Every structure is written in structure tokens, then in C-alpha cells.
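Please read these numbers as outputs of a predicted model, since none were measured by experiment.
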Protein chains: 2
Amino acid sequence: MVALVHPAREQLRIEDVLEALANPIRLRIVHRLAAGEELTCGTTLPEVSKSTASHHWRVLREGGVLFQRRVGRTVLMSLRREDLDARFPGLLASVLAAVDSD
Amino acid sequence: MVALVHPAREQLRIEDVLEALANPIRLRIVHRLAAGEELTCGTTLPEVSKSTASHHWRVLREGGVLFQRRVGRTVLMSLRREDLDARFPGLLASVLAAVDSD
DNA sequence: TCGATAGTTCGAATGTACGTGAACTGTAGC
DNA sequence: GCTACAGTTCACGTACATTCGAACTATCGA
């Protein structure tokens with residue numbers, strides 16, 4: 001299987017991050033990740049097809065919002081909290097707080 | 001001319017704000033507004049057509065990012081900094097800082 | 001080895017965002 | 001009134017986002 005490509009911290013662009021976050025499904029993924037849930041691709045979005053889910057993870061990964069790591073047959077996701085905080089301090093926290101309060 | 005409709009502070013939704021900000025042209029508008037420039041619609045985006053500019057202002061206004069106020073024949077724009085800070089503390093600052101540093 | 005499982009990728013359909021010119025509304029100034 | 005100006009709205013084309021099923025790759029477990 002092909003390698004999972006992640007942009008380096010210095011390559012993160014605010015446009016890409018905003019674009020990745022500006023979608024209800026992806027915003028929900030990020031929110032659940034931030035809440036500490038250990039997510040695999042398959043268990044996260046039962047309401048959409050596998051290919052649709054895969055698309056959203058790609059956007060989040062290529063935007064630099066999350067890491068994907070293969071473990072056996074599954075892919076584990078984790079938020080790139082430190083990288084995002086380093087490049088865009090306060091952004092993630094404010095977005096998460098906003099999602100929390102609605 | 002038809003009234004300029006703005007969402008109330010309590011109606012602001014994080015999805016709409018992110019959507020509005022997730023565009024290079026609109027991000028630049030917001031950045032210039034934040035820098036204190038007094039912007040009218042016509043002087044802000046000379047590189048795109050009037051109708052395109054009008055489209056972007058509508059997205060920003062309906063997303064709750066800026067106010068538009070008619071003054072004679074022109075429309076003056078201002079950032080809804082207080083409303084955004086009240087609903088989504090830290091969001092605007094982090095986005096503006098990110099745009100600054102690129 | 002063989003079947004089941006976890007995801008990705010491809011191709012196609014649909015929808016929405018973006019960009020434009022033309023026609024329009026309303027204001028300013030003569 | 002008339003003309004110029006500032007923006008909006010409309011109808012349209014184009015590009016991209018979203019969605020899906022089907023085919024594929026790779027791993028796990030029996």
C-alpha cells in the first residue's frame with residue numbers, strides 16, 4: 001500500500017488548514033480526535049461510504065491537520081496538535097471551543 | 001437598493017466563518033481590514049470584476065465576518081472583530097497572525 | 001493458502017464555488 | 001431632469017468538492 005504523505009510542520013499553510021476545517025464532517029472528526037478518542041478510519045464515519053471517508057481523511061492529512069499511522073490493517077489517526085499550535089497558535093483551540101459550544 | 005443583511009452575533013456559526021475565511025482573496029480582504037484600512041468595495045479588489053468582488057463580500061458578510069455600511073454611493077466595510085471575539089475567542093487573532101507571517 | 005477485513009484509488013454523477021458580462025438599482029452632482 | 005458612478009443581481013460557463021460503487025492492495029486469522 002502506498003505511503004501516507006504528510007506535509008512538514010514548516011510547510012503547513014493557513015489556507016489549507018482552514019479549507020480542511022471548513023466542512024462539517026471534517027470538523028466533527030477533528031473534534032472527536034481532540035476529545036481523546038482513538039479513531040480508526042472505519043469506526044469514525046459509519047454514515048458515509050468508505051471512499052467518501054477516505055477522501056475526507058486525505059484532505060485533513062494533506063492539510064496537515066492530522067497524522068495517519070498504519071497499524072496492521074487499520075489506520076490510526078491523531079491530531080497534529082503540536083504542529084498546529086506551533087505554526088498557528090490559538091487556532092485549533094478556538095475552533096474546538098466553538099464546536100464544543102454549539 | 002436592497003438592505004444589507006447581517007447575521008446577529010448569536011447566529012454566527014463556526015462552519016460559516018471558516019468557510020468564509022477559507023479563500024485566499026477573502027483572507028486578504030480580512031487581513032487588510034484588520035490592518036486598519038478603510039475599505040470600500042471598489043478600491044479593494046481591482047484585479048477581479050465588480051461582480052466577483054461583490055460575491056466575496058457577500059460570503060464574508062453572510063458568514064458574519066464583516067459589516068457593510070452604505071455611505072452615499074459607496075459601501076464601507078469593517079471587521080466584526082468584537083462579535084467574532086465574543087463568539088469564537090482567539091480565532092480571528094490566530095488567523096490574522098498566520099496570514100501576517102507568510 | 002484462503003477468506004474476511006481495512007482502506008485506497010478510480011471513474012462517474014452531482015452539486016456547489018468562483019468568475020464573468022450585461023442589465024439593473026440607487027446615489028451624487030450638474 | 002440627465003449623466004456618471006458604485007454596487008448588486010442575474011444567467012451563464014467552468015472548475016472543483018463531494019459522494020458513491022466497484023475494483024484493487026495489503027494484512028490478519030483460521
Side-chain angles (χ1 to χ4, degrees), chain A residues 1-7 13-30 32-33 37-78, chain B residues 1-7 13-33 37-79:
Chain A
M1 233 173 206
V2 119
L4 297 170
V5 178
H6 298 83
R13 300 192 319 139
I14 186 67
E15 295 93 332
D16 297 336
V17 173
L18 290 173
E19 185 69 50
L21 295 177
N23 174 285
I25 289 183
R26 294 195 291 266
L27 204 52
R28 196 150 42 83
I29 291 178
V30 170
R32 291 180 56 181
L33 277 177
E37 289 190 62
E38 260 289 30
L39 299 184
T40 65
C41 294
T43 57
T44 309
L45 297 172
E47 72 275 23
V48 299
S49 71
K50 289 197 301 177
S51 42
T52 298
S54 195
H55 162 72
H56 287 301
W57 288 309
R58 172 191 284 265
V59 175
L60 285 167
R61 174 167 47 82
E62 293 184 346
V65 177
L66 51 78
F67 269 120
Q68 284 181 302
R69 175 172 60 98
R70 280 187 217 287
V71 176
R73 274 181 298 188
T74 73
V75 174
L76 292 182
M77 301 188 290
S78 59
Chain B
M1 231 173 209
V2 119
L4 296 170
V5 178
H6 298 83
R13 300 192 318 139
I14 186 67
E15 294 94 330
D16 297 336
V17 173
L18 290 173
E19 185 69 49
L21 295 177
N23 174 284
I25 290 183
R26 294 195 290 269
L27 205 51
R28 196 150 43 84
I29 292 178
V30 170
H31 185 247
R32 291 181 55 180
L33 277 176
E37 289 190 61
E38 260 288 30
L39 298 183
T40 65
C41 293
T43 58
T44 309
L45 296 173
E47 73 275 22
V48 299
S49 70
K50 290 197 300 179
S51 42
T52 300
S54 196
H55 161 70
H56 286 300
W57 288 309
R58 173 192 282 266
V59 175
L60 285 167
R61 173 167 47 82
E62 294 184 345
V65 176
L66 52 79
F67 269 121
Q68 285 181 300
R69 175 171 60 97
R70 281 187 216 286
V71 176
R73 275 182 296 187
T74 73
V75 175
L76 291 182
M77 300 188 290
S78 59
L79 206 51

- Less than 4.5 Å apart, any side-chain heavy atom of B/Leu45 and any of B/Glu47? yes

- Query: Roughly how far, to the nearest 0.5 Å, is CG of B/Leu60 from CG of B/Leu27?
  - Reply: 9.5 Å

- Message: What is the distance, to the nearest angstrom, from the CG atom on B/Leu4 to the P atom on C/dT27?
- Response: 12 Å

- Task: Starting at atom CD of A/Glu15, determine the distance to atom P of C/dC18, rounded to an integer number of angstrom.
- Result: 14 Å

- Query: A/Gln68 CD to D/dA26 C1': how many Å, rounded?
  - Reply: 16 Å

Between the protein and nucleotides 18-21 of chain D, list every N/O to N/O distance that falls short of 3.5 Å.
unit_1: D/dT18; atom_1: OP1; unit_2: A/Asn23; atom_2: ND2; d: 2.9
unit_1: D/dT18; atom_1: OP1; unit_2: A/Arg26; atom_2: NH2; d: 3.4
unit_1: D/dT18; atom_1: OP2; unit_2: A/Arg26; atom_2: NH1; d: 3.1
unit_1: D/dT18; atom_1: OP2; unit_2: A/His55; atom_2: NE2; d: 3.3
unit_1: D/dT19; atom_1: OP2; unit_2: A/His56; atom_2: NE2; d: 2.4
unit_1: D/dC20; atom_1: OP2; unit_2: A/Ser49; atom_2: N; d: 3.0
unit_1: D/dC20; atom_1: OP2; unit_2: A/Ser49; atom_2: OG; d: 3.2
unit_1: D/dC20; atom_1: OP2; unit_2: A/Thr52; atom_2: OG1; d: 2.6
unit_1: D/dG21; atom_1: N7; unit_2: A/Ser51; atom_2: OG; d: 3.2
unit_1: D/dG21; atom_1: O6; unit_2: A/Ser51; atom_2: OG; d: 2.9

- Task: Take the protein atom CZ of B/Arg70 and the nucleotide atom C1' of C/dT27, then report the distance between them rounded to whole Å.
- Result: 10 Å

- State, with a plain yes or no, whether a side-chain heavy atom of B/Cys41 is found less than 4.5 Å away from one of B/Gln68. yes

- Distance in angstrom units between B/Trp57 CH2 and C/dA17 P, rounded: 19 Å

- Query: Taking the side chain from A/Arg32 and the backbone from A/Leu39, do they hold a donor-acceptor pair closer than 3.5 Å?
  - Reply: no

- What integer distance in Å separates B/Arg61:CZ from D/dT9:C1'? 12 Å

- Separation between CD1 of B/Ile14 and CG of A/Leu21, rounded to the nearest 0.5 Å: 8.5 Å

- Side-chain contact, heavy-atom cut-off 4.5 Å: B/Arg58 with B/His55? no

- Mind calculating the distance between CD1 (B/Ile29) and P (C/dC18) to the nearest angstrom? 11 Å

Close N/O contacts between protein and nucleotides 3-5 of chain C (under 3.5 Å):
unit_1: C/dT5; atom_1: O4'; unit_2: A/Arg73; atom_2: NH1; d: 3.2
unit_1: C/dT5; atom_1: O2; unit_2: A/Arg73; atom_2: NH1; d: 3.4

- Item | Contacts of A/His56 that satisfy side chain to side chain donor-acceptor pair (under 3.5 Å) - sequence neighbours left out | A/Arg26

- Message: Check the phosphate of D/dT9 against B/Arg58, side-chain N and O only, distance under 4.0 Å to OP1 or OP2. Yes or no?
- Response: yes

- To the nearest 0.5 Å, atom CZ of A/Arg69 lies from atom OG1 of A/Thr40 at 12.0 Å

- Task: Could you grab the distance from atom OG1 of A/Thr52 to atom CH2 of A/Trp57, nearest 0.5 Å is fine?
- Result: 9.5 Å

